[in-house]
Amino acid sequence: MCGIVGYLGTRQAAPILLDGLSKLEYRGYDSAGVCVMSNGELKVAKSKGRLATLSGLIDGGRAIQGTFGIGHTRWATHGAPSDINSHPHIADAGKIAVVHNGIIENYLRLKEDLVRKGKHFQSETDTEVVANLIEYYYDRLQDFPRAVRRAVGQLEGSYALGILCQDFPGTMIAVKKESPLIFGFGEGENFIASDVPAILKYTRKVVYLNDGDTVIFTKDTARFYDAFYDPVEKTPETIDWDISAAEKCGYDHFMIKEIHEQPKAVKGTLSPRIRDGRVVLDDVTLSKEYLEELKRIYIVACGSSYYVGCLGKHILEKTCRIPVEPILASEFRYSEPVLGSDTLVLIISQSGETADTKAALMEAKRQGARTLAIVNVVGSAIAKEADDVIYTWAGPEIAVATTKAFSTQLSVIYLIALYIADLLETIRPEEYDTIVNELLKLDQKIALCLTNDNVQKIRYYAEQYFKVHDAFFIGRNVDSAICLEGSLKLKEIAYIHSEAYAAGELKHGPISLIEEGTLVVAVATVDSLFDKTMSNVKEVRARGADVFGVTTEKHEAEIKKTVPSVITVPATHPMLQPSLTIIPLQTFAYYIALLRDCDVDKPRNLAKSVTVE
Ligand code: F6R
């Protein structure tokens, strides 16, 4: 969603802000703007559309001179995407400039009050209310930090704010509540940003602000305050991943780069946690006694992370013999789940900031359940709130559509399943060893799915099918769960109407939609169910569907008797098979989107981290 960058230093601010914002483009946005303090004036440039438009307006930043500034990419919530609604917003008397991520829930009430007090508004946004509220208090108190504090005390909702005051040229104030914000320490310069890639070129030393934190900083100093406005010391963390992780490195898109990074990401997630043939989860404190009392596991997440939960149900129930229920985070709080100390709530989130998922986590905690989060972004809100965290070491994921984070989340599910099954003795030792051995080979097998030959073959099939209007993904058991993710990939980046069904369910309704030229992607890797899935494939072929089949090498000859377009993946232990099956589905969606001329990395209407409910 929206992106924030702030800079105080000795270099020209505008080019740094534009560069930083370009690294946040992946978050999704519809307009952009910068405000630079120049000769005691707050100079603003903003425009609807892409960052390139803004950059053109201000000659790559050269047209606005000044070494202090804030920048923003906006994903519209209050008010349509427009120049006027873009951030930064300047208060009525021109003294305060604000960039904001999040939503101010009580903004209408505050706005009415400010209008009564004589403030004028230009935009429809909640952010302009924040700017005017701060200015209102500043006019009375003549104290920038106190004015911010008084105004923030009245805000309800979520916010990450970067604030400049015309009368304090070398000072910036940033405040965070339920919207991500980091502070970056430089040499004679300091930064704020919504995410690390924005400032990684300039510093590796960052602090992830907590909810309620305020930082008041100059180019040389930074004072941090907690939610009670008590001063706090913050020790910077050092970012150890490389800037190249956030660049395309010769690939046309981040998505295809991240697809190809999956062997490395999966290895990086698995191998430090497998020692001498045993799964070791150092950070997790689930004891045998606790697990023996466990009645149920809920897996709570959104989108692709939820689909990992759907796979998790198959994997954990089979291995650990504990009932597992995946629930969409947006539904969790309202479904009155049965929670207590005998329930484990597994939270899955790449960004660690998804508003629905975080709200579900807080509800689970409130009701006394133990929470274990699987998160990619270190220091994110969900990572901070959960009782235990297992990080997926996928590195930064930039493309809006997840690929490598999905694969690493699934890898963590395997680890948790083995860990619990081992403690509860619900797995035979030989089976445990076989799965661990296969886990250690998983990265190589994923790499085999991505050989040039295989990718070219998938591209060829994409050329056959990219004009379809409707697609159905069918499979059974884990194949049915992986179909959910394959189908989501296709619809979100290629804008093709696509649905996923358990193959056996087709004849209970959806088969009436199958007609000449409908695309059916049939996933058939589960040996014991192969023949049954093939029966369903024959049913759709008989009704004129074009079928693209995904199976293991062992079934290739058989499936080809019915389906001409087939891609095979190597076989592995059945529990791990989804990690291989998903690779051609991601790649297929990527090439179809490309052929349909879609903006693959930044699909329309979507945002990378969904911080509104
Ligand atoms: C789809 C996708 C989304 C996310 C969902 C949850 O490709 O990326 O469906 O999976 O928005 O996001 P996180 O995992 O950050 O909580």
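Values in this document were obtained by computation on a predicted structure and should not be read as measured data. Both ligands and their constituent atoms are indexed starting at 1 by order of listing.
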Inset, instruction - Using a cut-off of 6.0 Å, state whether more than 12 heavy atoms not belonging to Lys365 lie near its atom NZ. - result: yes

Inset, instruction - Would you please indicate if the ring centroids of Phe588 and Tyr461 are separated by under 6.0 Å? - result: no

Legend entry - Aromatic ring proximity His72/Tyr29, centre distance under 6.0 Å: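 Distance test on ring centres: not under 6.0 Å, no.
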
Inset, instruction - Determine, using heavy atoms of Thr403 and all atoms of ligand 1, whether some pair is separated by less than 4.0 Å. - result: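 So Thr403 does not count as touching ligand 1.
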
Legend entry - Any Lys489 heavy atom less than 4.0 Å to ligand 1: yes

Out of all atoms in ligand 1, which are within 4.0 Å of some heavy atom of [X]? Include the element for each.
| X | value |
| --- | --- |
| Ala401 | 7 (O) |
| Ser305 | 10 (O), 13 (P), 14 (O) |
| Ser351 | 13 (P), 15 (O), 16 (O) |
| Val400 | 8 (O) |
| Glu492 | 1 (C), 7 (O) |
| Ser349 | 13 (P), 14 (O), 15 (O), 16 (O) |

Legend entry - Part of Thr354 within contact of ligand 1 (heavy atoms, under 4.0 Å): side chain

Starting from [atom], which protein heavy atom do you reach first, and at what distance in Å?
| atom | answer |
| --- | --- |
| atom 6 (C) of ligand 1 | Cys302 O, 3.3 Å |
| atom 4 (C) of ligand 1 | Ser304 N, 4.0 Å |
| atom 11 (O) of ligand 1 | Val610 CG2, 4.2 Å |

Inset, instruction - Would you name the heavy atoms of Ile256 and Tyr251 that are closest together and state the gap between them? - result: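 Closest approach of Ile256 to Tyr251: CG2-CD2, 3.9 Å.
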
Legend entry - Under 3.5 Å side-chain donor-acceptor pair for Gln350 and Thr402: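 Distance-only check fails for Gln350 and Thr402.
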
Legend entry - Within-cut-off N or O pair, Thr357 and ligand 1, under 3.5 Å: no

Legend entry - Over-ring placement of Arg273 relative to Tyr414, 6.0 Å and 45° cut-offs: no

Inset, instruction - Identify whether NZ of Lys or CZ of Arg in Arg596 sits under 6.0 Å from the centre of the six-membered ring of Tyr495 and within 45° of that ring's axis. - result: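 No, Arg596 and Tyr495 do not form such a contact.
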
Inset, instruction - Check step by step if side-chain hydrogen bond (donor to acceptor under 3.5 Å, both in side chains) holds for Thr285 and Asp388. - result: CA-CA 7 Å; Thr285 52; Asp388 293 293; 3.1 Å; yes

Inset, instruction - Please confirm whether the backbone N or O of Thr518 pairs with a side-chain atom of Asp470, one donor and one acceptor, at under 3.5 Å? - result: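 Such a contact is absent between Asp470 side chain and Thr518 backbone.
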
